[in-house]
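First up is the structure itself, then whatever we jot down about it.
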Amino acid sequence: MKTLIVGVGGMTNGGKSTLSKSLQQQIPNSCIIAQDTYFKDDAVVPVDSNGFKLYDVLDALRMDTMMNEVDSWRRDPESFLRQRDLNSEHQTPSVDKDVCVLIVEGFLIFNHRPLNELFDKRYFLEIPYDVCKLRRSSRVYKPPDPPGYFDGHVWPMYLKNRQEMESVTSDIVFLDGQMSKEELLAAVCRDVIHEIERLRGKAAS
């Protein structure tokens, strides 16, 4: 069995979760591991000199736990899906299960070197500052963003993390997060399916 690991990264409110879920619905034998589900408890997240919680750093995430989940999928994708009851809606006949796809979604997935090294395809959704700030202000977070949090922490950390990301890898497809959901899905889905077909061709030969 062949495997394919797809990374869908991007800035806050860039559309990465929406794209990942839509992609998972289109790709058979696929599942999602989302980085946002691995945040540490709020009580242990450090605070900077301005009193802002430092959520936009790798230390705020349980990356060891996330990597264990990724490694569990890599060892046995079909078992991973069965144990989590993730493939009931997208199950295909076993004869077609020659390629299993893991979609890893998150804002710092390319900054964590052990994880970044596993990706076969990398996509990064970006949007302008004003669009990002507007989208962020319209969402409800727990805990909520304090006044000045976006300009004082979120945006500066995005710029810092992006610079670090680009120093780690150049093999990233950047996507315009202002494109329609349908356009984004079509572009990424086409690329992923092409890679799946390539893997199937290699397996057949």
Side-chain angles (χ1 to χ4, degrees), residues 1-38 66-67 69-127 162 165-166 168-205:
M1 176 186 296
K2 297 287 186 178
T3 60
L4 181 69
I5 302 182
V6 177
V8 180
M11 58 204 305
T12 178
N13 294 278
K16 53 191 178 295
S17 297
T18 299
L19 174 60
S20 297
K21 291 174 183 176
S22 299
L23 186 63
Q24 193 265 337
Q25 291 172 355
Q26 296 294 318
I27 304 295
N29 312 318
S30 67
C31 66
I32 298 172
I33 291 179
Q35 192 175 42
D36 279 358
T37 62
Y38 297 94
M66 183 178 182
M67 288 300 298
E69 284 287 277
V70 173
D71 289 338
S72 177
W73 179 90
R74 293 174 66 208
R75 285 192 298 271
D76 191 340
E78 290 184 272
S79 175
F80 183 93
L81 292 173
R82 284 195 304 270
Q83 291 173 7
R84 292 155 180 79
D85 194 29
L86 294 173
N87 61 341
S88 57
E89 294 182 6
H90 309 288
Q91 192 168 13
T92 58
S94 58
V95 69
D96 292 331
K97 288 190 176 179
D98 51 345
V99 180
C100 284
V101 179
L102 176 62
I103 302 164
V104 181
E105 175 260 310
F107 70 113
L108 288 177
I109 58 173
F110 303 133
N111 294 73
H112 188 62
R113 288 177 183 268
L115 179 58
N116 180 56
E117 291 171 356
L118 300 179
F119 293 122
D120 300 294
K121 306 292 284 187
R122 298 175 180 84
Y123 305 95
F124 189 93
L125 287 142
E126 54 185 353
I127 52 177
R162 175 163 177 159
M165 175 191 75
E166 292 178 335
V168 172
T169 180
S170 59
D171 189 19
I172 300 175
V173 177
F174 288 92
L175 302 168
D176 181 358
Q178 296 186 93
M179 292 169 59
S180 71
K181 298 174 184 177
E182 294 77 16
E183 289 177 306
L184 285 168
L185 176 61
V188 175
C189 195
R190 182 169 55 246
D191 197 30
V192 172
I193 289 175
H194 176 77
E195 184 65 16
I196 290 172
E197 294 300 327
R198 188 187 69 82
L199 290 172
R200 284 175 175 160
K202 287 179 64 177
S205 60

How many angstroms lie between CG in L184 and OG in S22, if you round to the nearest 0.5 Å? 9.5 Å
Can you see which heavy atom on P77 is nearest to which on M1, and at what distance? CG-SD, 4.3 Å
Rounded to the nearest 0.5 Å, what separation is found between the CD1 atom of I103 and the CD atom of Q24? 6.0 Å
Can you measure from CG (L108) to OH (Y38) and round to the nearest 0.5 angstrom? 15.0 Å
Could you walk me through whether E117 and R113 pass salt bridge (Lys or Arg N to Asp or Glu O under 4.0 Å), step by step? CA-CA 6 Å; E117 291 171 356; R113 288 177 183 268; 6.0 Å; no
Looking at side-chain heavy atoms only, is the closest gap between M66 and H112 below 4.5 Å? no
Could you check if a side-chain atom of R74 sits within less than 4.5 angstrom of a side-chain atom of I5, using non-hydrogen atoms only? yes
CG/L175 to CD1/I127 distance, rounded to the nearest 0.5 angstrom? 12.5 Å
Check: C31 and L102 side chains under 4.5 Å, non-hydrogen atoms: yes
Could you tell me whether the side chain of Y123 reaches within less than 4.5 Å of the side chain of V192, counting heavy atoms only? yes
For F80 and S72, which heavy atoms make the closest approach, and how far apart are they? CD1-OG, 3.6 Å
With distance as the sole test, does Q35 use its side chain to make a donor-acceptor pair with the main-chain N or O of F107 at under 3.5 Å? yes
Which heavy atom of C189 sits nearest to which heavy atom of Q26, and what is that distance? SG-CB, 3.8 Å
May I have the step-by-step check of side-chain contact (heavy atoms from CB on, under 4.5 Å) for N111 and V168, ending in yes or no? CA-CA 7 Å; N111 294 73; V168 172; over 6 Å; no
Atom CD in Q83, atom CG in D76: separation rounded to 0.5 Å? 8.0 Å
Could you check whether any side-chain heavy atom of L23 comes within less than 4.5 Å of a side-chain heavy atom of V101, counting everything from C-beta outward? no
Minimum heavy-atom distance between L118 and M67, given as atom pair plus value: CD1-CE, 4.0 Å
Between S30 (side chain only) and I27 (backbone N and O only), is there a donor and an acceptor less than 3.5 Å apart? yes
Atom pair CG/OG1 of N13 and T18 - distance to nearest 0.5 Å: 9.5 Å
Within a strict 4.5 Å, meaning less than it, do heavy atoms of the E195 and V6 side chains meet? no
Parallel, tilted or perpendicular: rings of F110 and F124 (30°, 60°): tilted
Does any non-hydrogen side-chain atom of I109 lie less than 4.5 Å from one of E105? no
Where do T3 and L199 come nearest, in terms of heavy atoms and distance? O-CD1, 3.9 Å
Heavy-atom side-chain proximity of V104 to E69 below 4.5 angstrom: no
